[in-house]
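For reference, positions follow the sequence shown, starting with 1. These numbers come from a predicted model, not from an experiment.
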Amino acid sequence: MKIAFVGKGGSGKTTLSSLFIRHLAATGAPVIAVDADINQHLGAALGLSDEETAALPAMGAHLPLIKEYLRGANPRIASSDTMIKTTPPGEGSRLLGVREENPVYTACARPVALDEHGIRLMATGPFTESDLGVACYHSKVGAVELCLNHLVDGPDEYVVVDMTAGSDSFASGMFTRFDMTFLVAEPTRKGVSVYRQYKEYARDFGVALKVVGNKVQGEDDVDFLRAEVGDDLLVTVGHSDWVRAMEKGRPSAFGVLEAGNRAALRTLQAAADDSYARRDWERYTRQMVHFHLRNAESWGNARTGADLAAQVDPGFVLSEGLSAVQPA
């Protein structure tokens with residue numbers, strides 16, 4: 001399953017996504033974690049040192065390699081230079097699997113050991129000094145969107161993406177790339193404001209959205225969230241001494257995380273797993289094409305000098321049955 005964590009800055013989105021990743025890894029499930037927030041904190045939340053986090057390869061820096069690999073032998077894509085972040089796969093494209101080895105993972109993913117099991121961690125790369133005043137940071141997450149467009153995952157495989165904060169998640173069609181979106185909200189008016197924006201934007205796209213109440217201190221907080229978000233409230237999470245120790249650089253085994261918080265993570269996994277039954281590859285592909293055509297018309301054609309609508313393969317539907325298909 002593809003799972004996104006969203007929320008306003010400071011809501012605890014990265015902390016909760018890291019806990020969920022640890023929970024999945026502890027079950028032995030294959031996990032790819034992606035830090036798609038321009039403020040790169042997921043590595044640290046997973047226990048990496050500052051030096052290890054800084055050494056993570058930036059997906060944005062490997063965009064030419066990603067494009068060339070994914071293009072494969074697709075005859076509708078004349079060159080990798082004409083690929084943009086929304087370019088959809090078609091006959092002849094290379095697809096990415098969660099468990100496989102490929103040049104994209106070799107260049108962009110790094111193994112992270114978490115107690116007995118490990119994960120793959122990928123990161124967009126931070127907003128650098130060279131970007132200031134001359135580049136839109138949304139271009140950096142284009143590599144993530146392109147990979148998600150070409151990713152085929154099964155029911156027992158997990159791709160967890162820590163998204164950029166606030167409504168910036170809607171700067172592209174990437175918000176439709178997920179089976180389940182967990183919106184982390186504090187029990188405050190500001191905390192639920194992003195929920196209202198997300199709910200409104202996502203309404204027409206069938207985005208599965210559940211709210212995770214964070215920093216909840218009592219029943220009054222729970223009642224507030226339930227009144228504001230209704231049935232979208234899935235679970236609430238309170239204070240964690242385990243997390244506080246982790247943030248101080250004194251991590252302990254994940255198995256000693258508080259029982260209430262472990263139960264909350266199991267609830268998140270159950271909701272994510274249940275979303276698999278509603279997976280609709282035809283709609284997924286149709287939305288992919290929709291956003292590609294919008295981007296092509298608004299800026300892509302002018303930027304590349306090509307008719308990017310011609311990249312759409314009308315008979316192609318991404319599906320799990322194509323996971324083993326690799327062009328020569």
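Among residues two or more places apart in sequence or in another chain, the salt bridge (charged side-chain N to carboxylate O under 4.0 Å, His left out) test is passed with Glu101 by Arg120. Under the rule for a side chain to side chain contact (heavy atoms under 4.5 Å, CB included), the partners of Ser252 that lie at least two apart in sequence or sit in another chain are Trp242, Val256. Under the salt bridge (charged side-chain N to carboxylate O under 4.0 Å, His left out) criterion, Asp274 pairs with no residue, sequence neighbours left out. The side chain to side chain contact (heavy atoms under 4.5 Å, CB included) search around Ala306 returns Thr82, Thr304, Leu308, not counting sequence neighbours. Residues passing the side chain to side chain contact (heavy atoms under 4.5 Å, CB included) test with Asp241 are His239, Glu258, sequence neighbours excluded. Scored by the ring pair (Phe, Tyr, Trp, His ring centres under 6.0 Å) test, Tyr195 finds no partners at all (sequence neighbours excluded). Taking the salt bridge (charged side-chain N to carboxylate O under 4.0 Å, His left out) definition, one finds that Glu200 meets it with Arg203, sequence neighbours left out. In this structure Asp153 satisfies the side chain to side chain contact (heavy atoms under 4.5 Å, CB included) test together with Lys2, Val98, Glu157, Asp179, Arg279, Trp281, sequence neighbours excluded.
Each salt bridge (Lys or Arg N to Asp or Glu O under 4.0 Å) pair with one or both residues in residues 208-222, not counting sequence neighbours, appears once here: Glu186-Lys215. Screening residues 287-312 for salt bridge (Lys or Arg N to Asp or Glu O under 4.0 Å), with sequence neighbours left out, gives no hits. Residue pairs meeting the salt bridge (Lys or Arg N to Asp or Glu O under 4.0 Å) criterion with at least one member in residues 227-240, sequence neighbours excluded: Arg196-Glu228, Lys199-Asp232. Screening residues 40-68 for salt bridge (Lys or Arg N to Asp or Glu O under 4.0 Å), with sequence neighbours left out, gives Glu68-Arg71.
Scanning both residues, His41 and Asp35, for their nearest heavy atoms gives N-OD2, 3.2 Å. Nearest heavy-atom pair, Ala36 versus Met174, reported as atom, atom and distance to 0.1 Å: CB-CE, 4.4 Å. Between Gly213 and Leu225, the shortest heavy-atom distance links the atoms CA-CD1, 3.6 Å. The minimum heavy-atom distance between Leu46 and Met246, with the atom names listed, is C-CE, 3.8 Å. In this structure, Ala26 and Phe254 approach most closely via the heavy-atom pair CB-CD2, 4.4 Å. Residues Ile66 and Cys108 share a closest heavy-atom pair of CD1-SG, 4.0 Å.
At distances below 3.5 Å, not a single donor-acceptor pair connects side-chain atoms of Arg110 with backbone N or O atoms of Pro57. Not a single donor-acceptor pair under 3.5 Å links the side chain of Asp162 to the backbone N or O of Leu42.
By the rule that hydrophobic residues join a cluster once side-chain heavy atoms approach within less than 4.5 Å of another member, Val212 and Val160 end up as members of one cluster. Cluster membership check: Ile32 shares its hydrophobic cluster with Leu65, using side-chain heavy-atom separations under 4.5 Å among Ile, Leu, Val, Met, Phe, Trp and Tyr.
Residues Tyr105 and Glu100 bring no donor and acceptor atom of their side chains to less than 3.5 Å of each other.
Taking 4.5 Å as the limit, every side-chain heavy atom of Met1 sits out of range of all side-chain heavy atoms of Phe178. With contacts defined as side-chain heavy-atom distances shorter than 4.5 Å, the pair Arg278/Met180 qualifies. Side-chain atoms of Val312 and Arg76, non-hydrogen and from C-beta on, never get closer than 4.5 Å to each other. In this structure, Ile21 and Ile119 have side chains that are in contact, with non-hydrogen atoms separated by less than 4.5 Å.
Using cut-offs of 30° and 60° for the angle between ring planes, the Phe182 and Phe20 rings count as perpendicular.
Separation of the Phe175 and Tyr201 ring centroids does not fall under the 6.0 Å cut-off.
Other residues, nucleotides and ligands contribute only 12 or fewer heavy atoms inside 6.0 Å of the CD atom of Gln217.
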